[in-house]
Amino acid sequence: MASSSRFSYDYTEGASAEDIRDVATINKPSRRDSRYSSYGDDHSGSIFDGPGSTVIPSSVSRMSQDESRRRSMEFTRPRRSSHGGRSIDSRRSSIHRTDSGRADDSDAESHDDVSYIDNWSQGRPRSPPTRPSVFENIANMFGRSTVESPVQTRRPSLSRGSSSSRRIRRTHSRPSSDYAIEDDTASGDERWGYSSGEDDEETEQDSIQAEITRQGGSDMDSYPPTPTNLPLLVNDPIFGGETRIDIGVEFEPLDPPPPGPPSRQTIYISDEDVNIRFVGYEVIRVWQALWRVCCILSFGTLALLGHWFPQLWLRWVAQEKAFVNIKRGFVVVETAYRDIALFPVEKIHYPYDNSTVFNAPPSTEGTADEGIGDLLIMDYRYARFALDHRTGLFSMISRWRDPSWNGLAAIQNGLSPSVRTQRSVLFGPNSLDIRGKPTMSLLIDEVIHPFYIFQIASIVLWSLDDYYYYAFCIALISVVSIVTTLIDTKKTITRMMEMSRFSCPVNVFIDGAWVEKESNELVIGDIVNLISPQLSYIPADLFLLTGDTIVNESMLTGESVPVSKTPASDEDIARWKDSENVSRESAKSFLYCGTRVVRARGSLGPDGSTRNPAVGLVVRTGFATTKGALIRSMLFPKPMGFKFYRDSVRFIGVLAGIAGLGFSASAVQFVHLGVAWHTILVRALDLITVVVPPALPATLSIGTSFAINRLRKQGIFCISPSRVNVAGKINVLCFDKTGTLTEDGLDILGIRGLDREGERFGELIDNVYDLPQSRSKANFHQALATCHSLKMVDGEPIGDPLDVKMFTFTKWTLEEGMNAGMGKIKGPSGMGQPAALVQTVVRPPGTGQFRLEDALKGGGRHAYFLELGVIRTFEFVSALRRMSVIVKRLKSNTMEVYVKGAPEVMGDICEKDSFPQDYDDLLSYYTRAGYRVIAVAGKSIEGLSWLKAQRMKREQAENGLRFLGLVIFENKLKPGTRPAILSLRSAHLACRMITGDNPLTAVSVARECGLISEAAHIFMPVFIRGGPSTPLSKLQWSSMDEPTWMLDDYSLKPLTPPPHHGTDPEELSNQDYALVVTGDVFRWMIIHAPLETLQRMLVKAQIFARMSPDEKNEVVERLQSLGYTVLMCGDGANDCAALKAADVGISLSEAEASVAAPFTSRTPDISCVLDVIKEGRAALVTSFSCFKYMALYSLIQFTTITLLYSFASSLGDFQFLYIDLFIIIPVAVAMARTLPYPALHIKRPTASLISKKVLTSITGQILITAIAQFWAFYWVRSQTWYVPPPPYEPGSADKLEATNFENSVLFLVSCFQYVSTAAVFSIGPPFRKSIWTNGWLMFSLVILGLINMVILLSPPKFAMILLELMILPFSARTTLLVGVAVNIIASVMFERWGVQYLAQIVGSLVRMYREHRRIRLGKAYKLVDGR
């Protein structure tokens, strides 16, 4: 629209320049408005999408921190009293303070921009300084590296959850509370215990099935039964029920510290939500030299042990030392996950005051400061810590705040070159340069991994034993594996470097002049020009000082809706000085590093002729920024244990023990036969390589690798391979609603205005041209066109999708900025001064085809060409749940106020007679049908001038309104949602919805997609006494369909229904019902509700509505604390924290923030969840199959070797080569290629290697194969044609003889056992397809079976020579074939029927033992079945 060609209307109506200046001061973002996110910029997505709290990526406002404040630092002094073997003294530092005060709109005061902005519009460019280089330490093999490797491949999201927050924290019921417990010996119906979910999987599933059967589940074709009755899970003392293992939450206890200044310190890092412990050490030169000598004498063995067990090295060469006394030492950093790393303490020349590094502690405020001289610093995971000599403790320098920042006036002149130099020395460059390790260092780290060290030792051993061929093959495989891993690691490092590295030219205000610098030269306190040159991305964390910007923060939050930023006020700058993170009040002015700039505009100067630039104040740089925290979370994710991996290590230990026992028995025979001691030693080591095969770890990852490749072909990408197996144990699935279950955008179903009489609603209108013309000045059509917070960028409206849809529906045009709202301010001299005082101007369609003068003539058909100027906007406030605008119509003597918001709040601000009679009925119909409804109201004010409108309070504007109509939005389900939910429910997987939307809409969507059965009764709590912040509040749980039907507020069980309900009281306990919990109730229950009620709520709640991002994260962690394995699926919009906290997170967004989730899907619906679970189950079963196969293979070979050792014999070199390379490796790889079963089964695969079925299966197969070998061994010796091998001659060659009849028969029998075992352990349905569908495996088994058959019945001469076989009579060969057939049949029958039968017997014995133990302990445990 070319409005510049037309005359501009004076919307200010002659207000003086002084009045304009006063109004500009008043209209600074006030505390009342900025305390909440503005409508249109709210990350919740719409006016009804949750509490309206702005997502602050850099802030970790965890609920667990609200319950109990964490300690920031702890240090130890000898004069303190000891406790638990340690003397501890805690010290609080860096306390997060937030100014919660609010000022009224009309009373808010701040400085005028004009008073200091002029300084930023002039100046000369200066040459930028050279960028400093980054040096890196290289690991020392014998001297213990002091650099921690930073590179890992997976990355969690920004909001980190500590393990301790997953515990249920309970406040005991107070006697005065309605939840008080008078008798602790309550009946079993009121007390719930726990049952193991892993060990008794059959019992768990059977109980769920039985409960569902009692509920009378419907057919699968319609609604499968609702698996709401989840048992509470805890760790079992016998078999253990957990799938996930939380790795350590407390530090290891230490010996008492040395006397003197502190040598230990515990620091809380808020952006990681983790505590770390510092311990200072000093190297003792004499012991270090002795250590290196011993490393050389032990051929590096001691060095390896020191690398794998750092405590050994520390005890040997170092002693604990106070931080301030460290000269040649280092600091040991320990996390709560038991990870430790060594970091050197560096000394830098720093001739500046303490106040430039450390925030002044309360005890030193007001005292004289002094220079530091030499500053001791330490870099830990790209976070720098400095040692304060006054306290002897480290401080995180990113927490430093400039003490002079009391307001905008304090920072208007920028920094001097000397201050910039000082801060550059302290904070380093403003870059996210990842220090990639050199290739040689990576190679050494890879080679000295225990797995490869074991392989190297095995290769050396086999070479000494003349097994050159096999040693060469294994060496070749190891080299290929190492090179492949090294290439992948380098690619990952390069990709991370490319993603994090960013630099651009910027103009910096230095000493009153603009100087061009590179962005990596920015320091804290710099004032940056955001317009010249135009920035594509924000180079650091900034406060916007002037102008306005629109940024896309999807990289940090996943929220693709552009966010509008407004200038900071004095209070924002002062609040930042006293806080550690960005407060909610200041988030509207904070520009996060790495966010994309959609638009940046400057502000008008006081003369109206020039435009001052949009400038920002740098407050954080480098890895201290929000993007830096994101990169660090990707480099150093929280470790997570999985029971399968833990059990596999234990099982390998058991196998090694078996090898030791077997060799002990063989050693006695060796000594009796006179075998040389060095030969006995070689045989002992060789037996270990037999029982613990070097290829075992590789085979365990084969199934996961194939699963990841299959997922990639389906558009699902995984960055954390270990989570694939975890996905096989998922039993609770949580879904976001908007963008996940439903379409991302909203469509307008239509609008419902009032009929001509105004007593009832009119018809639904889906075309704005059908809207009847209103004679009222405040009409529905104009309200739709003006009541929003949209911005225009490149001719397109930008803002909240709901606003965009509503404005697009009107088909009007919008202008802002220089082209919109240009009014003339008449000063005392009468001269007009242009100023952009009208925020936006909207016009009807077609207005651009006429001159404005024509539209003002008022003649008939041209009368509808209007121009409406938005004079003032009261932005959306979550507490009020509405927004409003004051609108001026062109050439009108009135102004209109339009309000839009939640329909339920309109009754308080509208006149009662303006509502139609069917208001409640129609509103209830649309909300229950799942539509999103917005109410619109307005009024006209006669004689309201521009100046009075600017001074009007919000309470005055939003009062005495007339109701205008409803806007109905529909949020359609995605096509794949309902089929996926039905499939998941058919598999008895519990589904939960966690959304920021209102409960009614959430329930409607849940019923529409099948997440909740249509027949299920839904209960929702409300506060009938107190509120979310009152400990003694009381909840009332009532049915959404029958408000008079309640739940017991303690047990959450249905009370007697109303008489007309028709439900048999005896069936009340079996009612299929679910709970809907809102965010405020959830927060209250977490802190104040009894433990049993809280657990019951978590089990029965299927919908969590009005949830903030932190509350979504808390729901996931609370479910995990009950023992569930949780999957979270979201579209990335405010779901990052929950995606990271879940055991398996799946992001449907391809935004950069989706890297927070282990899985990212290009499929835009939740059907990908089915694929992930299927592949996870298949991969987990494959890992079990491969592990069982490799374990049995090693024990079969162990049995063969042990029998041969009894007369000083062994297998030949090519026999080992044939077994390991031509049988085991192809079969193990082929086993992993079996595809997942197409349907989800109601049971989950086990994750425990020590479960009844696994142990029974392995034990039984070991016995069967061992019996077959013992039979063959003694059978061949009983034959008439048998010739015993020559007796072992002491002093003969070290190599044991392999050519004898015992060797031949055991080799032939074992070859068939290796093949048959693969077929037996290739588990098919219900988690994988049948073995017949795996073409590679069937081909391998058939070919290997035929080769073995040929070698047994008619071996070629070259095979006889190569494999060192004896010539057997044909009758003996057929006898062996029959024995092999019997062995195969016995193995198959035992695996098919015997395992299940014996496992049931073992399970019965275990349950009897548990019951006896519980009765003996006086405890009664009961399954929480949801009744």
Side-chain angles (χ1 to χ4, degrees), residues 48-51 178-179 226 228-229 734-735 737 741 881 902-905 920 923-933 990-1009 1011-1028 1030 1033-1058 1061 1063 1068 1071-1086 1088-1090 1093-1108 1111-1112 1114-1115 1118-1119 1426:
F48 296 118
D49 259 1
D178 289 82
Y179 295 102
T226 307
T228 59
N229 308 308
C734 300
F735 298 98
K737 184 182 74 68
L741 299 176
R881 300 178 64 189
E904 52 265 33
V905 304
D920 293 332
L923 180 62
S924 176
Y925 165 77
Y926 282 116
T927 54
R928 292 182 184 278
Y931 296 103
R932 181 170 296 177
V933 181
C991 298
R992 301 288 182 263
M993 180 191 296
I994 311 178
T995 178
D997 209 341
N998 66 59
L1000 291 176
T1001 303
V1003 169
S1004 174
V1005 171
R1007 279 180 164 159
E1008 183 181 358
C1009 70
L1011 192 143
I1012 293 180
S1013 171
E1014 290 284 357
H1017 300 280
I1018 301 175
F1019 293 84
M1020 187 176 73
V1022 293
F1023 287 102
I1024 59 174
R1025 186 179 72 202
T1030 307
S1033 298
K1034 183 177 177 61
L1035 291 174
Q1036 176 177 288
W1037 300 76
S1038 58
S1039 172
M1040 298 181 69
D1041 299 312
E1042 186 62 51
T1044 58
W1045 191 11
M1046 308 290 181
L1047 296 180
D1048 180 79
D1049 58 4
Y1050 175 75
S1051 66
L1052 302 186
K1053 295 182 179 181
L1055 299 176
T1056 303
H1061 193 273
T1063 302
L1068 288 179
Q1071 281 290 323
D1072 181 14
Y1073 72 98
L1075 306 181
V1076 178
V1077 179
T1078 54
D1080 55 349
V1081 173
F1082 178 77
R1083 287 193 302 271
W1084 183 87
M1085 294 191 70
I1086 288 293
H1088 303 297
T1093 306
L1094 175 62
Q1095 292 177 336
R1096 185 77 169 194
M1097 180 273 290
L1098 292 170
V1099 169
K1100 293 296 297 182
Q1102 288 190 262
I1103 296 176
F1104 297 88
R1106 295 291 191 193
M1107 305 296 286
S1108 68
E1111 289 162 354
K1112 291 182 179 183
E1114 193 74 15
V1115 170
R1118 294 292 173 171
L1119 290 172

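Residues satisfying the ring-ring contact (aromatic ring centres under 6.0 Å, His included) criterion with F1019, sequence neighbours excluded, are W1045, Y1073. Contacts of Y925 classified as side chain to side chain contact (heavy atoms under 4.5 Å, CB included), with partners at least two apart in sequence or in another chain: none. Among residues two or more places apart in sequence or in another chain, the side chain to side chain contact (heavy atoms under 4.5 Å, CB included) test is passed with A1002 by M993, T995, I1103.
Smallest separation of non-hydrogen atoms from S1038 and P1043: CB-O, 3.4 Å. In plain terms, the two heavy atoms of Q1036 and I1024 that are nearest each other are CB-CG2, 3.5 Å. In terms of heavy-atom proximity, Y1050 sits nearest to P1090 at CE1-CB, 3.9 Å. Across all non-hydrogen atoms, the minimal contact from I1086 to L1094 is CD1-CD1, 3.9 Å. Among all heavy-atom pairs drawn from P1028 and W1084, the shortest one is O-CD1, 3.5 Å. Across V1003 and V1076, no two heavy atoms sit closer than the pair CG2-CG2, 3.5 Å.
Atom NZ of K1100 and atom CD of Q1102 lie 7.5 Å apart (nearest 0.5 Å). Note that CZ of R1007 is 3.5 Å distant from CD1 of I1018, once rounded to the nearest 0.5 Å. L923 contributes atom CG, which lies 14.0 Å from atom OH of Y931 (distance to the nearest 0.5 angstrom). Rounding to the nearest 0.5 Å places CD of Q1095 at 11.5 Å from CG of L1119. Note that CG of L1035 is 10.0 Å distant from CZ of R1025, once rounded to the nearest 0.5 Å. The CD1 atom of I1012 sits 10.5 Å away from atom OG of S1004, with the distance rounded to the nearest 0.5 Å.
R1106 has no carboxylate O lying under 4.0 Å from a charged side-chain N of D1080, or vice versa, which leaves the two without a salt bridge.
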* To do: Just do the side-chain contact (heavy atoms from CB on, under 4.5 Å) check on F1082 and L1098 with the steps written out, would you?
  => CA-CA 10 Å; F1082 178 77; L1098 292 170; 4.2 Å; yes
* R992 and V1115: CA distance, side-chain angles, deciding distance, side-chain contact (heavy atoms from CB on, under 4.5 Å) verdict -> CA-CA 10 Å; R992 301 288 182 263; V1115 170; over 6 Å; no
* Asked: Given the rule in the side-chain contact (heavy atoms from CB on, under 4.5 Å) test, do V1077 and W1037 qualify, once you have shown the distances and angles that lead to the verdict?
  -> CA-CA 10 Å; V1077 179; W1037 300 76; 4.2 Å; yes
